[in-house]
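Lettering follows sequence order; numbering is per chain, from 1. Since the structure is predicted, the reported quantities are computational estimates derived from the model, not experimental observations.
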2 protein chains.
Amino acid sequence: MATVREPKHRERLNRESLAACALQIADSEGLEAVTIRRLATENAVTPMALYWHFADKDALFDGIAERMYAEVNLPEPAGLPWHEELRAALVAVLAALRAHPLVADVAPPRIMKSEPGLALAECVIGLLRTGGFSPAQAAQIGTFLLCSIVTLVTREPGQDQRLDPEAQDEALRGKRAQLESMNPKKYPNLLDSSEFFLFCPSEDVYFSQGIDFLVAGVTGIQPR
Amino acid sequence: MATVREPKHRERLNRESLAACALQIADSEGLEAVTIRRLATENAVTPMALYWHFADKDALFDGIAERMYAEVNLPEPAGLPWHEELRAALVAVLAALRAHPLVADVAPPRIMKSEPGLALAECVIGLLRTGGFSPAQAAQIGTFLLCSIVTLVTREPGQDQRLDPEAQDEALRGKRAQLESMNPKKYPNLLDSSEFFLFCPSEDVYFSQGIDFLVAGVTGIQPR
DNA sequence: ACCTGAACACCGTTCAAGT
DNA sequence: ACCTGAACACCGTTCAAGT
C-alpha cells in the first residue's frame, strides 16, 4: 500500500503564527472578527489552548501590533535635514500601516511593547530632539504623529473593504442619499464637499498631502 | 396618615435621557462599560426595552455622539482671517471633547448623523473653502482635523481616569518600571522622554501646542 | 406606543485535569 | 510544556406576547 498521508496533525501553536493569523482575520473582516474562539477554530484547537500562548486577548493584540511595527522599514540616516529624515520615517510608517486599515488603530498604545515598536519610537523621538524639541515635546509630538498616520489610514474615504461589494455599494448609496438630501441653504459647503467624504479621488494625493500637513505642523511650531 | 411617597414609578424612557445616561457611564468607566444590559438595569428596565428607542447598539452610540456635538459652542463669525476663525472653531471642539476623553473616539464617524454634528461640519468646511481649499481637500482636511482633536484628547498622557486611584498608580508603576529598564545605549532619546509618555507637565501647554500644530499644518499646505 | 419573557447564538476567562 | 473539558458570567438581538 502506498503511504497515503493522513492530514498532518496540527503543527504546534506559537505566538507568532497565531498573531499572524489574527492579523489576517482582522485585515479581511475587521478587528471585531478577531475572537479567541474564532482564532481557535481557525487553528483546529480549543479556545483555551490560546491561553497558553497569550495571557489574555489584550496580549494577542500586542502580538498583532508587533507584527505591524515589524513591517515598518525605517530609512537609514541619510544626512539630510532632520525634518526630511522625519518625513522619510513617517512615509515608512504610512507604507506599513496602509496594508492594515482595519487594524492600525491598535498600534499606537502598544508602541512600547515590542522591539520594532521601540525602534520606531527611538528613531522619531531622536529626530524631534535633533529638531530642537524638548523631551516633553518630543514625546507629545511623536505620539501625535503616529496617531495621525493611523488616522490617515483608517479614515481614508471610501476604503472600508470589510463587506462584500454588494453590501458596500448598498451602504454607500445610503450615505450618499442622506448627504444629498441635506438642506442646501443650511449646508451649502457640506454639499459641495459631500462626495469626497465617501470617495477618494486619488489615494496618492490624499496620503502625500497628509504627510505634508504633518511635516508642516512639526516645522511650524516653536521648539521650547 | 401623611402621604409617604412611594418611589415614583420609573419615568418613561426616551432617547435623550438614555443617551445621556450612556454617556455618563462611558465617561466614568469607559466605552466598554456601556452595554445594553447595563443601561437597562441602570434604568430599571429589561434590556429589550431599549430596542424600542434604539434600533441597535450603534444607534445608541449615535445618540452619545450627538450629545457631545451638542456641547460644542461654535464661535460667532468675528470677521477675522479664516485661519483665526478656524482656530476658534477647533478650540471650541477641543473644549467640548475634553470632558469626554474616554468616549470622544465615537464622534468622528458620526458627525453627519446629527444636527449639531452637521452644523460643526458645515462651519469647518466653509472656513476651509474660504481658505482656498477645494471641496475634496476641505473634506479630507476637515475630517483629519476632527480626528486630530480626538487624538489630542484621548491620548493625553496619564489621563486614564477609568480605574480607581490605587489601580491607576499600580498600572503607572508597571509602565514606568518597563520604560526605565530599557537599554540606555539602544534607546537614549526614548529614555530622556520616557516620563512624558506617562505624565503631562501642563494640560494647557499640551492642548495649545496641539492646536498650534494643527493650524500650522493647515496654513502650511498648498490649497489646490 | 411602550415594555416584558423566553430563547438564541455568541463572547472572554478560570480551573482542574489530561498527555 | 502544551492542550482539553466543563463551567461561569457575561454579551447583543429576535420574536412573540402583554398592557
Side-chain angles (χ1 to χ4, degrees), chain A residues 6-26 28-65 102-103 105-106 109-110 113 162-163 167 171, chain B residues 6-26 28-65 102-103 105-106 109-110 113 162-163 167 171:
Chain A
E6 291 288 283
K8 274 226 200 73
H9 327 66
R10 252 195 333 83
E11 293 115 63
R12 274 274 207 72
L13 299 182
N14 62 74
R15 268 188 71 90
E16 292 70 35
S17 71
L18 284 171
C21 180
L23 178 53
Q24 216 173 341
I25 296 173
S28 49
E29 302 177 40
L31 255 186
E32 332 77 47
V34 178
T35 67
I36 298 283
R37 295 170 117 99
R38 163 77 181 274
L39 191 57
T41 40
E42 208 103 322
N43 288 82
V45 99
T46 26
M48 297 72 75
L50 301 196
Y51 285 90
W52 183 261
H53 304 275
F54 298 97
D56 54 21
K57 203 180 174 183
D58 194 60
L60 173 60
F61 280 33
D62 292 348
I64 295 179
L102 267 38
V103 199
D105 264 321
V106 310
R110 294 178 169 85
K113 299 186 118 185
R162 207 170 341 206
L163 317 100
Chain B
E6 290 288 280
K8 274 225 199 73
H9 325 67
R10 250 198 332 86
E11 295 115 63
R12 275 273 207 73
L13 299 181
N14 62 75
R15 268 188 71 91
E16 292 70 36
S17 71
L18 284 171
C21 180
L23 178 54
Q24 215 173 342
I25 297 174
S28 49
E29 302 176 41
L31 255 186
E32 332 76 48
V34 178
T35 67
I36 298 283
R37 295 170 117 100
R38 163 77 181 274
L39 191 56
T41 41
E42 208 104 322
N43 288 81
V45 99
T46 28
M48 297 73 74
L50 302 195
Y51 286 89
W52 182 259
H53 303 275
F54 298 96
D56 53 21
K57 203 180 175 184
D58 193 61
L60 173 61
F61 280 32
D62 292 347
I64 294 179
L102 267 37
V103 200
D105 264 321
V106 309
R110 294 176 170 85
K113 298 187 120 187
R162 205 168 346 202
L163 317 100

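If you take CZ of A/R38 and P of D/dC11, they are 24 Å apart, rounded to a whole angstrom. Spacing between atom CG of B/L39 and atom P of D/dC10 amounts to 17 Å, rounded to whole angstrom units. We find that CZ of B/R37 is positioned 13 Å from P of D/dT14, with the value rounded to whole Å. Rounded to whole Å, atom P of C/dT13 lies 13 Å from atom CZ of A/F54. Regarding B/Y51, its OH atom lies at a distance of 18 Å from the P atom of C/dA6, rounded to whole Å. In this structure, A/K57 places its NZ atom 8 Å from C1' of C/dG12, rounding to the nearest Å. The distance from atom CD of B/E32 to atom P of C/dT13 is 13 Å, rounded to the nearest whole Å. The CG-P distance, from B/D56 to C/dC10, rounds to 18 Å in whole Å.
Scanning all heavy atoms of the two residues, the minimum distance from A/L60 to A/A22 falls at CD1-CB, 4.0 Å.
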Solution key, residues 39-49 of chain B side-chain donor-acceptor pairs under 3.5 Å, sequence neighbours excluded:
from: B/T41; atom 1: OG1; to: B/R37; atom 2: O; distance (Å): 3.1
from: B/T41; atom 1: OG1; to: B/R38; atom 2: O; distance (Å): 2.9
from: B/E42; atom 1: OE1; to: B/R38; atom 2: NE; distance (Å): 3.1

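Atom CD of A/E29 has more than 12 heavy atoms from other residues, nucleotides or ligands within 6.0 Å.
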N/O-N/O pairs, protein side and nucleotides 1-5 of chain D side, under 3.5 Å:
from: D/dC2; atom 1: OP1; to: A/R12; atom 2: NH1; distance (Å): 3.3
from: D/dC2; atom 1: OP2; to: A/W52; atom 2: NE1; distance (Å): 3.2
from: D/dC3; atom 1: OP1; to: A/L13; atom 2: N; distance (Å): 3.4
from: D/dC3; atom 1: OP2; to: A/H53; atom 2: NE2; distance (Å): 2.6
from: D/dT4; atom 1: OP2; to: A/T46; atom 2: N; distance (Å): 2.9
from: D/dT4; atom 1: OP2; to: A/T46; atom 2: OG1; distance (Å): 2.2
from: D/dT4; atom 1: O5'; to: A/T46; atom 2: OG1; distance (Å): 3.0

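We find the NZ-CD1 distance between B/K57 and B/I36 to be 6.5 Å, quoted to the nearest 0.5 Å.
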(message) Run A/D62 and A/R15 through salt bridge (Lys or Arg N to Asp or Glu O under 4.0 Å) and show every step you take.
(response) CA-CA 11 Å; A/D62 292 348; A/R15 268 188 71 90; over 6 Å; no
(request) Could you go through the side chain to side chain contact (heavy atoms under 4.5 Å, CB included) check for B/F61 and B/V34 one step at a time? (result) CA-CA 9 Å; B/F61 280 32; B/V34 178; 4.2 Å; yes
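Base pairing analysis places C/dA1 opposite D/dT19; the two distances defining the Watson-Crick or G-U wobble pair are each below 3.5 Å. Under the Watson-Crick or G-U wobble criterion, with both distances below 3.5 Å, C/dT14 is paired with D/dA6.
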